[in-house]
Structures are given as C-alpha cells and as structure tokens.
Protein chains: 2
Amino acid sequence: MNPQKVISFETIRVVCKNCTLATLCLPMGLTPEDTERLDKIVKRNRPLHRGDYLFRSGERFRSLYVVKTGSVKTYAPSEEGGEQVLGFHLPGEIIGLDAIEKDHHICSARVLETSAICEIPFNRLEELTCCIPSLQHQMFRLLSKEIGHDTDMLLLLGKRNAEERLATFLVSLSRRLQRRGLSPNDFYLSMSRHEIGNYLGLAVETVSRLFTRFQDEGLLEVDRKHVQLKDLAALEAIVNGSQAEGDHQRRSS
Amino acid sequence: MNPQKVISFETIRVVCKNCTLATLCLPMGLTPEDTERLDKIVKRNRPLHRGDYLFRSGERFRSLYVVKTGSVKTYAPSEEGGEQVLGFHLPGEIIGLDAIEKDHHICSARVLETSAICEIPFNRLEELTCCIPSLQHQMFRLLSKEIGHDTDMLLLLGKRNAEERLATFLVSLSRRLQRRGLSPNDFYLSMSRHEIGNYLGLAVETVSRLFTRFQDEGLLEVDRKHVQLKDLAALEAIVNGSQAEGDHQRRSS
DNA sequence: ATCGGTGTTTGACCTGGATCAAGTAAATAA
DNA sequence: TTATTTACTTGATCCAGGTCAAACACCGAT
C-alpha cells in the first residue's frame, strides 16, 4: 500500500445523500431510502473541462445530466454556425429534459468551466419513477419548472428592452448563486459577453455598453468576468420597474 | 318521455375511445383498457364561449385542460393590464402543465371561440400515471414537448425579424390545422391582429403591414379573419430561408 | 519577451420596427 | 335605421439597438 495515498474520488464515495445540492436537485423531498435507490443509478464521471460536450444536438437521448459543480450552457445550433443560447446551468440544475419527447437531443450542452456532472440514465430513472410516486411527482415538477422558466424568458425577449434584459439576467443569476450558498453580489461570470448577448437577444456591443452604463450609474462594478453588484435594489427596480411606469414598449399591450 | 327528445350530450357519451383526437392527445399510445381508465377521470363540461376563462393566473392548480373543439389562448398577465400571449391552443393540445411546479397557475387561459374543453383532475391523473407506465411516459413526453416548443419560440423572439416571425406563425398554424384534418391553406383566425402581435413580440401595425405585404407579394390572400395561403413554399422559405443566406441579424451569431 | 488570436470596449452611423396619428370598416348597441 | 365602439389599416416620424470599424487588453503559444 502506498503510504502517500491521498483522498481520491475512489475513497470518498460521493452519494446523493451527502451532496450539498440534495435540496435543490432531484432527491428533493425524497425519503433517505428512496434517495439511496436513486443514488444507485447515478453515474459520476470524471470532471469535464471548458468546451467539453455533455451532448450534441441530434444525438440519441439516453441520460439526463445534473450540474454538480461548475456551469454549463445549452444552445440550439442552427445550421450554418449560428446558435441560440438557451440557458446557463448552475449546480443542482437538470439538463436534457427537452430531449424526452423526440428521443433525440434538440440542443447541445457544453461546460463553461471545469465541471463535475452527474449522469442519470433516463430508462433507469423511469423504472424508479414508476414505483416511487414522490419521485414521479418531483420529475413532473422539474419539467413544469422548466416550462415556467421558458415562459419567463419569452416575456423577457418579447416585451423587455435591453436594459431590463441585462438587469434581469444579473438579478436572476445573483439569486441563483445565493440559493447555492455563494455571494449574491460578488461573483465571476463563466460565460462571455457574446454568450450573454446571444442568450438575451442582444448584440455583444449592447451588452458591453450596458455593463459600462450600469457601472457609471453605480449599480455595479465590473472588471472583465468579475462582477460586483453594488445596488441590487436598483437593479431589481429596473427588472420590474419599467413595467410599473406607464407601459412603454407597446409591443406588449 | 318527450317524443321530441333529440340527441343530446347526455345520450351520446363522449369517450376518449371515440374521440378523433385520440392520436394527438393524452391517450396516444395507450391500450384500449388504459384509455378507458383514463377516460373515467376526464370531466367534460358544457361548452365555453369567447372570453370565458379556463383558469386565471394565481388560481390554485387542480386540473389540466385539453381543447376538444375550438381554440384557447394562454397569456401571462403582468400587473397593470399588460400581458404576454404565450400560446394559441388547438384541439388535442394540453393546457396547464406550467402550473404543476408552483401548484398555482402562472398564466391565464381563455377561449377564443365557442369551445369544448376536457378537464383532467391532476391528482387523479397522477394516481394513474403511477400504475400505467406508458401513461407516465406519455406525460413526460408531453411536458418535454412543451419545453421544446418554448425553445422554438425563444429562437423566434431572440433571432428572427418581423417577417420571419409572422411567416413562422402562419406555417406552424397551417401544419397544426392539417394534422387535425383541416385545410392547411384556407382557414379562419380565431385571434385578433393584436393578439398575434403580442404573441410574436410585434406591434399590431407591424402585423397588419406584413399581412398586406404578404398579400401584395402573392403569398396569401387575407380578408379580415379569413386567410388563404397561396404559396406555402415561399412562406416556408422565409421561415428557414433568411438564416441560410449569410446570417444577418447579428444578435444571433 | 514577443506574437497572434480572441474577447471586450468605444465611437459613428443606420435601419427595422415602434410610436403617433388619422382614417376606414365591421360589430354591437340603441 | 343610426350611433358607438372596437378592430384593422395606412402613412409619417422617430429611436433603440443593430451594424460597421477600430482600438485595446488579455491569454496562450512560440
């Protein structure tokens, strides 16, 4: 035996039960026994690195993926190189739900930074959901939540101006980080300005200009990927403020 | 006994088994026996009329709804009167899936014309999905399909210009009507220009101008609610054409 | 340290579609 | 029937944000 042997992935069995994400992730609301059954089907592969794919658009659907650490972007590639970024996914968030219907992935997913990802083979999961009603219900809830989130995005893209979009993005990110025990007002972006713009339906230049403007207005400090929100209240006011004052942007109604 | 008694809702028992929508709707892929079990929990209320609500945003979630005949719009009301139309629903389409997560409706649904609606109490449905694996799978598929549709809409709102949006709307509507055995190129719109614009993130005026332009270009004939698509191929070319030629609208990438 | 290459910022300009303003036609009420 | 409201169309104008261009800063590779 090597006396220098250090703690490794092999010796620490990472299980759902010990996972800090248990309250955000699939096991939410399951009994310890049911969590254990779920745990048995989860595959924990070695960490992926920036740019690695979880899956590509068009591939056969086999598994759902959950971010354990790091972050992932999903995007719909449209032929000749163009793409629409669909989401940025933080620890505890499930990826691949949109593939169930067609049995093929309709978007691609790649990690934005070194990330640990849990893989959940879907056919195994369906065996469990059949006999664990609370897990089935949790799956329904997660699928429904995804729909609700998409609804929010439709509203953002359909009715909000550039300023409101970026503010919404930042406030939403801040809240999600906070829920994961991280600082809500001091964080590093793992995605580029370009990806943010793509996600929000804006040109890179617009995103850049808005960051500058928000900084000039004292709402935040930004230095490359490093963002510090200085006035979250003001950002939140932008998010649901402009709607309060007299309904500009008549696209809406 | 009244000799004049005519065929009524009471005498013709409408059941899923006889429903022409069986291949589009929840029973898709179920055995006749399972369809019968599903049928037992479906409530068929009397027809609703233009403007009637299926449910309102904020209400407790109890049931899913399926359009049997007619059409329904869903929309997210945002405080002071504004709204974002989320979708127009045709026969066989399920409404209310977004409410599962929060156990409250996050959007409102009202019928656009006289419509028959099937109501499916969700707690009863969950009892069935637990013991009918194919029904559970079908529910997962339907939820996933909704996510996929929202993804398409995000792409539409994030990356397409006004012309592409209206063309996409018309082509999509045409296909959905065709799948229901109706004419794909001669139909009546059950929604107003205003609602179309709201749905597509455009001003009413823009929608109106585009209809006029499409008509001038010979793509369609339009007379108020009555639309005849004259050149579906050209419309489809617009839908996935502009993307092919050199990636304008750099918002995308 | 130097050299690309890529991501970001900033300025100048332009345009698609929103907004504003009438006018017209259909639907509903009286 | 006529009055009133609501939906739709069309024209004129404006502007948020896209596009183009250039400079700059960082990062990995030689």
Side-chain angles (χ1 to χ4, degrees), chain A residues 49-51 73 81-82 84-85 112-113 156-167 169 188-216 220-227 238 242 246-253, chain B residues 49-51 73 81-82 84-85 112-113 156-167 169 188-216 220-227 238 242 246-253:
Chain A
H49 301 98
R50 174 165 183 82
K73 80 161 174 178
Q84 164 75 46
V85 173
L112 291 165
E113 60 191 314
L156 195 72
L157 295 183
K159 303 279 179 274
R160 304 305 197 177
N161 66 24
E163 180 188 62
E164 295 165 336
R165 293 185 201 186
L166 187 62
F169 170 71
Y188 285 79
L189 299 171
S190 58
M191 70 296 287
S192 68
R193 301 284 190 273
H194 186 94
E195 288 165 325
I196 295 172
N198 187 307
Y199 176 60
L200 297 176
L202 301 171
V204 203
E205 295 93 328
T206 304
V207 174
S208 180
R209 273 186 256 270
L210 282 169
F211 269 119
T212 307
R213 178 143 70 88
F214 283 170
Q215 180 161 251
D216 291 348
L220 50 77
E221 295 277 336
V222 59
D223 174 37
R224 223 154 149 69
K225 303 283 187 192
H226 185 199
V227 176
I238 293 174
S242 328
D247 208 54
H248 271 212
Q249 293 307 89
R250 214 199 24 182
R251 269 174 296 203
S252 3
S253 143
Chain B
H49 301 96
R50 174 164 184 82
K73 79 161 175 178
Q84 164 76 45
V85 173
L112 290 164
E113 59 192 314
L156 195 74
L157 295 184
K159 303 280 180 274
R160 306 303 199 179
N161 65 25
E163 180 188 59
E164 294 165 337
R165 293 185 201 185
L166 186 62
F169 170 72
Y188 285 78
L189 300 171
S190 58
M191 70 295 287
S192 68
R193 301 284 190 273
H194 186 93
E195 287 164 325
I196 294 173
N198 186 308
Y199 177 60
L200 297 175
L202 302 171
V204 204
E205 294 92 328
T206 304
V207 174
S208 179
R209 272 186 256 271
L210 282 169
F211 268 119
T212 306
R213 178 142 70 89
F214 283 169
Q215 179 161 252
D216 291 348
L220 51 76
E221 297 276 338
V222 57
D223 173 38
R224 225 153 149 69
K225 304 281 188 193
H226 184 200
V227 176
I238 294 175
S242 330
D247 208 54
H248 270 211
Q249 294 305 92
R250 216 199 23 183
R251 268 173 296 200
S252 5
S253 143

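Below, chain A is the first sequence line, B the second, and so on; all start at residue 1.
- In this structure, A/Ala167 and A/Ile238 approach most closely via the heavy-atom pair CB-CG2, 3.7 Å.
- Taking every side-chain heavy atom of A/Thr212 into account, C/dT10 is the closest of C/dG17, C/dT10, C/dT8.
- For the pair A/Leu189 CG and C/dT9 P, the computed distance is 10 Å after rounding to whole Å.
- You'll find the side chain of B/Val85 stays beyond 4.5 Å of the side chain of B/Met191, heavy atoms only.
- Among the heavy atoms of the strands lying under 4.0 Å from A/Ser208 is at least one base atom, whether or not backbone atoms are also near.
- In this structure, B/Leu200 atom CG and C/dG17 atom C1' are separated by 14 Å, rounded to whole Å.
- Nearest to the side-chain atoms of B/Ser192 among the listed nucleotides D/dC8, D/dG18, D/dG17 stands D/dC8.
- Not one side-chain nitrogen or oxygen of B/Arg209 sits closer than 4.0 Å to the OP1 or OP2 atom of C/dG17.
- A heavy-atom distance below 4.0 Å to DNA chain C is reached by these residues of residues 220-227 of chain A, ordered by number: A/Arg224, A/Lys225.
- Atom pair B/Glu163:CD and C/dA18:P shows a separation of 14 Å (rounding to whole Å applied).
- Distances were taken from every side-chain heavy atom of A/Glu205 (C-beta onward) to each of C/dA18, C/dC20, C/dT10; the shortest belongs to C/dT10.
- Rounding to the nearest 0.5 angstrom, the gap separating the NZ atom in B/Lys225 from the CZ atom in B/Arg193 is 6.5 Å.
- When rounded to the nearest whole Å, the span between CG of A/Asn198 and P of C/dT8 equals 13 Å.
- With rounding to whole Å, A/Ile196 atom CD1 is found 13 Å from C/dG7 atom P.
- Distance, B/Lys159 NZ to C/dG16 C1': 17 Å, rounded to whole Å.
- As a whole-Å value, the separation of A/Asn161 CG from D/dG17 P is 5 Å.
- The side chain of A/Thr206 contributes an N or O atom lying less than 4.0 Å from OP1 or OP2 of D/dG18.
- Residue B/Phe169 forms a side chain to side chain contact (heavy atoms under 4.5 Å, CB included) with just one option from B/Leu200, B/Leu210, B/Leu156, and that option is B/Leu200.
- By the 4.5 Å heavy-atom criterion applied to side chains, A/Lys159 and B/Asn198 are counted as neighbours.
- Considering all non-hydrogen atoms of both residues, B/Ser190 and B/Glu113 come closest at CB-OE2, 3.6 Å.
- Look at CZ on A/Arg193: it is 14 Å from C1' on C/dT10, rounded to the nearest Å.
- Nearest approach of A/Leu157 to A/Arg165, heavy atoms of both residues: O-NH2, 3.3 Å.
- Each of A/Ala162 and B/Val207 was assigned the nucleotide of DNA chain D with the nearest heavy atom; the assignment lying further toward the 5' end belongs to B/Val207.
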